[in-house]
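Each chain gets a letter, A, B and so on, in the order the sequences are listed, and its residues count up from 1.
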2 protein chains.
Amino acid sequence: MRIGQLAKLVGVDVQTIRFYEREGLLVSPERQQNGYRIYTQQHVERLAFVRRCRMLNLSLAEIGELQGYLDEPHQPCTAVNGMLDGRIAHVRAQINSLQALEKQLVALRTRCSGVHEAADCGILTGISAETR
Amino acid sequence: MRIGQLAKLVGVDVQTIRFYEREGLLVSPERQQNGYRIYTQQHVERLAFVRRCRMLNLSLAEIGELQGYLDEPHQPCTAVNGMLDGRIAHVRAQINSLQALEKQLVALRTRCSGVHEAADCGILTGISAETR
DNA sequence: TCTTTACCCTATAACCATTATAGGGTTTCC
DNA sequence: GGAAACCCTATAATGGTTATAGGGTAAAGA
């Protein structure tokens, strides 16, 4: 199949597929005489794998590492566990800091409820004074 | 004061201060004969304002907009409220999607607890199969 | 056949907010 | 006088796309 079909099938932009190829996440496919890329079922699966990893917020570098395990399955998978643990910790940290941020924003928001001049706006004076 | 002192005082990298100046978020300061930037107390306050806004996850464009209100205080501050509401909604959406992601990651993580070959790793097969 | 439409190609820049690097001048302290 | 610490500009890199420019190819209808 050609790149447009692959893109539609997996739900990825055509540009992004070419980008993944340049980054080494997708094996360079054969080409037709006219230069068009021709993809196989294996490409479909690899691209879908990459997309699922991205949905799990894995970085392209991490995905490349995981592909190493797919390609050489006779290694211990310790690093895979570690990677996931790292991601989970990271996501939890993100959630915590966003929740703290939400509190700050909400508190700031209550300082200006009516419509008045910017000079008196509790939000602006709130930020100017200190927001911590 | 010179740029290094300002940087230390506010807790911003020197490079970042020059960047803010180029972006129009910080008024260009006077220069010494040797070309060194000389900052005043007003610069300190503006830079601190920018930093506090950044800690609230406001974009540089939004910060520029807020500065417009600081500079011309006799406008209604409706847009300030709107901006904050937008941010709050955005942060809440982020938290929700991260919480969903955390669940997925944790579920995936339980699929591989022992150390064995990558070929049998429940994490890799889990991602390959489908993770939704 | 001609033409429109939809597709494909490469190369390069834009997005965002920084951080890094290269290459060079100035000040300060010992 | 020399080294460390500071300052300057300009440019590239980061991450993961998305957009743009400029051009070739293919499948469809008129």
Peer 1: Less than 4.0 angstrom from a charged side-chain N to a carboxylate O is my criterion; do A:Arg37 and A:Glu30 meet it?
Peer 2: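 Not counted as a salt bridge, because no side-chain N and carboxylate O are separated by less than 4.0 Å.
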Peer 1: Between A:Asp13 and A:Asn34, which has a closest nucleotide on DNA chain D that is more 5'?
Peer 2: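 Counting from the 5' end, the first nearest nucleotide belongs to A:Asp13.
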Peer 1: Regarding B:Arg22, tell me which of base, sugar-phosphate or nothing describes its non-hydrogen contacts under 4.0 Å with the strands shown.
Peer 2: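 Here B:Arg22 touches no strand at all.
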Peer 1: Return the CD to CZ distance between A:Gln67 and A:Phe49, rounded to the nearest 0.5 Å.
Peer 2: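 Those atoms lie 6.0 Å apart.
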Peer 1: In whole Å, what is the span from the CZ atom of B:Arg2 to the P atom of D:dA5?
Peer 2: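 About 14 Å, once rounded to whole Å.
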Peer 1: Where do A:Arg109 and B:Asn81 come nearest, in terms of heavy atoms and distance?
Peer 2: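 Closest heavy-atom pair between A:Arg109 and B:Asn81: NH1-OD1, 3.2 Å.
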Peer 1: Does D:dC7 have OP1 or OP2 sitting under 4.0 Å from an N or O in the side chain of B:Arg18?
Peer 2: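 Checking D:dC7 against B:Arg18, no side-chain N or O comes under 4.0 Å of OP1 or OP2.
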Peer 1: Which atoms form the tightest heavy-atom contact between A:Ala7 and A:Asp13, and what is the distance?
Peer 2: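 Nearest heavy atoms, A:Ala7 then A:Asp13: CB-C, 4.4 Å.
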Peer 1: With A:Tyr39, which residues qualify under ring pair (Phe, Tyr, Trp, His ring centres under 6.0 Å), at least two apart?
Peer 2: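 Once residues adjacent in sequence are excluded, the partners of A:Tyr39 under the ring pair (Phe, Tyr, Trp, His ring centres under 6.0 Å) criterion are A:His43.
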Peer 1: Could you tell me which non-hydrogen atom of A:Leu47 sits nearest to which non-hydrogen atom of A:Leu26, and how far apart they are?
Peer 2: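 Here A:Leu47 and A:Leu26 meet closest at N-CD1, 3.8 Å.
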Peer 1: What is the separation between atom CD1 on A:Ile63 and atom C1' on D:dG15, rounded to the nearest whole Å?
Peer 2: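 Going from CD1 in A:Ile63 over to C1' in D:dG15 covers 12 Å.
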Peer 1: Nearest-Å distance, CD1 (A:Ile38) to P (D:dA26)?
Peer 2: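 Distance, rounded to whole Å: 11 Å.
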Peer 1: Can you measure A:Arg31 atom CZ to D:dA26 atom P for me and round it to whole angstrom units?
Peer 2: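 The answer, rounded to whole Å, is 14 Å.
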Peer 1: Roughly, in whole Å, what's the span from CD in A:Glu23 to P in D:dA13?
Peer 2: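 Distance check: A:Glu23 CD to D:dA13 P gives 13 Å.
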Peer 1: D:dT18 P sits how many Å from A:Arg54 CZ, rounded?
Peer 2: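 That distance rounds to 10 Å.
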Peer 1: Can you check whether A:Thr16 has a side-chain N or O nearer than 4.0 Å to OP1 or OP2 of D:dG16?
Peer 2: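 Answer is no, no contact under 4.0 Å.
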Peer 1: Which comes earlier along DNA chain C counting from the 5' end, the contact point of A:Arg37 or that of B:Ala61, where each point is its nearest nucleotide?
Peer 2: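 Looking at the nearest nucleotide for each, A:Arg37 comes out on the 5' side.
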Peer 1: Can you give me the first and the last nucleotide of DNA chain C (5' to 3') that has an atom within less than 4.0 angstrom of a non-hydrogen atom in chain A?
Peer 2: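 Contacts span C:dC7 to C:dT10, reading 5' to 3'.
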Peer 1: Send over the distance from A:Asn57 CG to D:dG15 C1', rounded to a whole Å.
Peer 2: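 Taking atom C1' of D:dG15 as the reference, CG of A:Asn57 is at 12 Å.
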Peer 1: Is a salt bridge present between B:Arg87 and B:Glu62, judged by a nitrogen-to-oxygen distance below 4.0 Å?
Peer 2: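 Looking at B:Arg87 and B:Glu62, the cut-off is met.
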Peer 1: Rounded to whole Å, please give me the gap between CG in A:Leu26 and P in D:dG16.
Peer 2: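 Computing the A:Leu26:CG to D:dG16:P distance gives 16 Å.
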